[in-house]
Amino acid sequence: MPNYRLLISSNEDKSFRAIVVANGNDKTTKLMEALLQIGSYPEGLLCSFLICDENGIPILELLPDESFVDVDSGYQKDMKDVSINELLSFDQEHYCFFIFDFLNERGLSIMVLDDKAPAEGTTSLIDITGTAPQLEDPENPDFLDSTWDNIDDDFLEGDDFEEEFFDEENFSTDDNDDYFN
């Protein structure tokens with residue numbers, strides 16, 4: 001199996017670049033660990049690898065735990081079941097991303113530089129320039145401000161709002177059998 005040199009980049013900061021050497025025999029969980037190290041992201045962060053076609057349509061998504069995998073989707077798999085070689089065997093016109101922030105749809109691009117890297121053992125980070133994009137800080141009061149920018153402050157007080165709809169007498173599953181069944 002080949003060993004890969006991977007260029008990791010972000011469209012958020014053009015000065016950020018990292019190089020990872022990946023052993024093709026390792027499972028993608030090893031690559032995930034190296035990528036979490038790049039951004040000092042917390043261990044256990046819900047993240048995924050996403051392979052998209054030239055139109056941006058997902059064709060493969062690797063999730064960190066089988067409990068997240070929708071087997072009926074046809075394109076989701078557990079990271080523990082897929083080697084790095086399988087992950088990186090996508091066509092030239094396809095794109096590979098490491099999604100580290102699902103809520104805000106943020107991730108890192110992964111590009112194969114070559115598959116002739118020296119056999120150095122396990123998958124690891126070997127070089128980094130700049131600072132990787134960081135997770136938003138929930139302790140920061142501005143963290144969710146943009147989420148609420150389009151909410152009308154008078155939403156619950158407007159003429160169209162009918163508070164009676166939400167009282168116990170009028171809001172029950174009995175009244176809405178067709179909806180809840």
Asks: Does anything in residues 6-15 pair up under side chain to side chain donor-acceptor pair (under 3.5 Å), and if so which pairs, sequence neighbours excluded?
Replies: Glu12-Arg106, Asp13-Ser15
Asks: I'd like to check the side-chain hydrogen bond (donor to acceptor under 3.5 Å, both in side chains) partners of Thr123; sequence neighbours left out, ordered by chain and number.
Replies: Asp26
Asks: Looking at residues at least two apart in the chain, or sitting in another chain, which of them share a side chain to side chain contact (heavy atoms under 4.5 Å, CB included) with Thr131?
Replies: Gln134
Asks: To the nearest 0.5 Å, tell me how far Asn23 CG sits from Leu31 CG.
Replies: 11.0 Å
Asks: Show your working on side chain to side chain contact (heavy atoms under 4.5 Å, CB included) between Tyr95 and Leu50 and close with a plain yes or no.
Replies: CA-CA 8 Å; Tyr95 304 98; Leu50 193 62; over 6 Å; no
Asks: Hey, could you give me each pair passing ring-ring contact (aromatic ring centres under 6.0 Å, His included) that has a residue in residues 22-56? Not counting sequence neighbours.
Replies: Tyr41-Phe100, Phe49-Phe98
Asks: Identify, with sequence neighbours excluded, every residue that meets side-chain hydrogen bond (donor to acceptor under 3.5 Å, both in side chains) alongside Asn55.
Replies: none
Asks: Quick one: side chain to side chain contact (heavy atoms under 4.5 Å, CB included) partners of Glu54, sequence neighbours excluded?
Replies: Glu93, His94
Asks: Ring pair (Phe, Tyr, Trp, His ring centres under 6.0 Å) with Tyr4: which residues, sequence neighbours excluded?
Replies: none
Asks: Side chains of Ser109 and Leu7, heavy atoms from C-beta outward: is any pair under 4.5 Å?
Replies: no
Asks: Not counting sequence neighbours, which residues clear side-chain hydrogen bond (donor to acceptor under 3.5 Å, both in side chains) with Asp127? List them please.
Replies: none
Asks: Using ring pair (Phe, Tyr, Trp, His ring centres under 6.0 Å) as the criterion, list what pairs up with Phe97, not counting sequence neighbours.
Replies: none
Asks: What is the distance from atom CD of Glu33 to atom OG of Ser124, rounded to the nearest 0.5 Å?
Replies: 11.5 Å
Asks: Working to the nearest 0.5 Å, report the span between CD1 of Ile38 and CD1 of Ile8.
Replies: 5.0 Å
Asks: Determine the minimum heavy-atom distance between Leu125 and Ala34, stating which atoms define it.
Replies: N-CB, 4.3 Å
Asks: Using every non-hydrogen atom in the two residues, find where Pro64 and Cys47 come nearest and quote the distance to one decimal.
Replies: CD-O, 3.0 Å
Asks: Would you say Lys27's side chain and Ile84's backbone share a donor-acceptor pair under 3.5 angstrom?
Replies: no
Asks: With rounding to the nearest 0.5 Å, note down the distance linking CE in Met111 to CZ in Arg5.
Replies: 9.5 Å
Asks: Under the side chain to side chain contact (heavy atoms under 4.5 Å, CB included) rule, collect the residues that match up with Phe102, sequence neighbours excluded.
Replies: Leu46, Ser48, Glu61, Leu63, Ile99
Asks: Using only atom types and a distance under 3.5 Å, with no angle test, would you say the side chain of Thr28 pairs donor to acceptor with the backbone of Met79?
Replies: yes
Asks: Please name the pair of heavy atoms, one in Pro42 and one in Leu135, separated by the smallest distance, quoted to 0.1 Å.
Replies: CD-CD1, 3.7 Å
Asks: Quick one: are Asp115 and Leu88 in side-chain contact, heavy atoms under 4.5 Å?
Replies: no
Asks: Could you walk me through whether Arg17 and Ile19 satisfy the side chain to side chain contact (heavy atoms under 4.5 Å, CB included) test, starting with their C-alpha distance in whole Å, then the side-chain angles of each, then the deciding distance to 0.1 Å, before giving a yes or no?
Replies: CA-CA 7 Å; Arg17 295 276 189 262; Ile19 303 290; over 6 Å; no
Asks: Which pairs with one or both residues in residues 18-37 pass ring-ring contact (aromatic ring centres under 6.0 Å, His included), sequence neighbours excluded?
Replies: none
Asks: What's the shortest heavy-atom distance between Ser83 and Glu86, and which atoms?
Replies: N-OE2, 2.9 Å
Asks: Apply side chain to side chain contact (heavy atoms under 4.5 Å, CB included) to Leu60 and list each qualifying residue two or more places apart in sequence or on a separate chain.
Replies: Ile51, Leu62, Lys77
